[in-house]
Amino acid sequence: MTGKPTKKPAPRTTASTNPAPNKKAPFSNVQFTDDAIADLHGIKDRALPVLEEVFRALKRLDEGTLRPAPLKDYGKTGDLRDCGKIVVETDGYPEYRIVVRDLGNTFEISEIVTVEERTQDLAYLLTGVRLGRIADPIRRSDTERRIARIRKLRDKP
């Protein structure tokens with residue numbers, strides 16, 4: 001080979017790509033299911049102030065300053081005793097629920113399963129379906145149809 005060797009430029013670093021040592025990454029104790037992320041996108045499109053409150057609550061959950069209220073085993077949703085709820089209230093909007101599944105035993109590590117309206121138990125029905133807690137195929141089908149009706153009424157112009 002002939003010619004001058006090329007010199008590779010030194011990589012650039014910025015504060016945003018290299019956080020300060022000892023700084024905890026955002027949401028290191030909270031994980032999101034794909035369905036929960038889709039819920040958040042839907043809320044963004046419907047009710048941005050609610051989304052802001054949801055993220056405030058999630059930040060508190062991640063920091064350990066907010067504890068979800070435990071859920072129970074109900075016929076219509078299945079056994080959700082390993083889950084908890086966080087209530088999100090914003091003036092001018094329906095109440096929302098963040099449904100969190102405990103991945104440890106103390107909600108130190110949490111998985112966000114559902115973020116949806118409380119109306120007609122939508123958040124809990126979705127959680128039961130998403131976690132496979134409604135095992136009977138007929139009940140599951142009925143629940144999925146109910147979820148579709150609730151969403152259709154909610155999204156009606």
Side-chain angles (χ1 to χ4, degrees), residues 11-135 139-140 143-144 146-156:
R12 293 183 181 179
T13 59
T14 64
S16 63
T17 58
N18 293 326
N22 301 330
K23 263 205 162 175
K24 191 169 121 177
F27 296 115
S28 58
N29 297 325
V30 174
Q31 302 170 9
F32 298 84
T33 64
D34 291 341
D35 288 326
I37 291 171
D39 292 344
L40 294 171
H41 284 287
I43 294 168
K44 179 188 75 151
D45 295 339
R46 287 190 315 271
L48 194 55
V50 171
L51 185 63
E52 292 169 354
E53 289 300 317
V54 165
F55 275 108
R56 282 187 189 98
L58 290 173
K59 188 63 182 160
R60 290 181 51 216
L61 175 66
D62 185 61
E63 293 168 345
T65 60
L66 178 64
R67 304 273 304 160
L71 294 177
K72 297 179 181 175
D73 182 0
Y74 292 109
K76 65 182 167 185
T77 61
D79 186 359
L80 300 179
R81 289 179 290 184
D82 62 335
C83 297
K85 68 179 177 183
I86 298 171
V87 177
V88 177
E89 294 178 310
T90 308
D91 289 338
Y93 295 93
E95 282 187 12
Y96 276 72
R97 296 293 186 270
I98 302 169
V99 181
V100 179
R101 181 166 58 163
D102 184 11
L103 297 180
N105 201 14
T106 59
F107 283 102
E108 286 179 21
I109 304 293
S110 302
E111 178 181 57
I112 308 306
V113 179
T114 306
V115 183
E116 202 37 275
E117 290 182 22
R118 164 66 174 85
T119 308
Q120 297 183 43
D121 293 329
L122 179 58
Y124 308 121
L125 294 170
L126 281 168
T127 301
V129 169
R130 290 175 179 177
L131 293 178
R133 305 295 168 83
I134 303 172
R139 275 193 50 227
R140 183 178 176 93
T143 302
E144 288 171 345
R146 183 173 177 202
I147 290 168
R149 281 193 307 269
I150 295 167
R151 284 180 163 166
K152 185 177 179 179
L153 287 172
R154 177 196 63 201
D155 298 339
K156 199 179 229 182

Within the side chain of [X], is there an N or O that forms a donor-acceptor pair under 3.5 Å with the backbone of [Y]?
X	Y	value
D62	S28	yes
T90	Y93	no
R97	V88	no
S110	L103	no
T65	R60	yes

Is the shortest side-chain heavy-atom distance between [X] and [Y] below 4.5 Å?
X	Y	result
R46	E117	yes
I150	L125	yes
T77	T127	no
T114	I98	no
L80	Y74	no
V99	L126	no
F32	L58	yes
P68	K85	no

I'd like to know if [X] and [Y] make a salt bridge, using a cut-off of under 4.0 Å between side-chain N and carboxylate O.
X	Y	result
D39	R130	yes
R146	E144	no
D155	K152	no
R154	E116	yes
R56	E53	yes
D82	R133	yes

Separation of D121 CG from I147 CD1 (nearest 0.5 Å): 10.5 Å
Atom CG in L61, atom CD1 in I86: separation rounded to 0.5 Å? 4.5 Å
Got a sec, which residues hit side-chain contact (heavy atoms from CB on, under 4.5 Å) with D73, two or more places apart in sequence or on another chain? D79, R81
For L131 and V113: C-alpha separation, side-chain torsions, deciding distance, then whether side chain to side chain contact (heavy atoms under 4.5 Å, CB included) applies. CA-CA 8 Å; L131 293 178; V113 179; 4.1 Å; yes
Can you check side chain to side chain contact (heavy atoms under 4.5 Å, CB included) on E89 and V87, steps first, answer last? CA-CA 6 Å; E89 294 178 310; V87 177; 3.8 Å; yes
Closest heavy-atom pair and its distance - G132, R140: CA-NH1, 4.1 Å
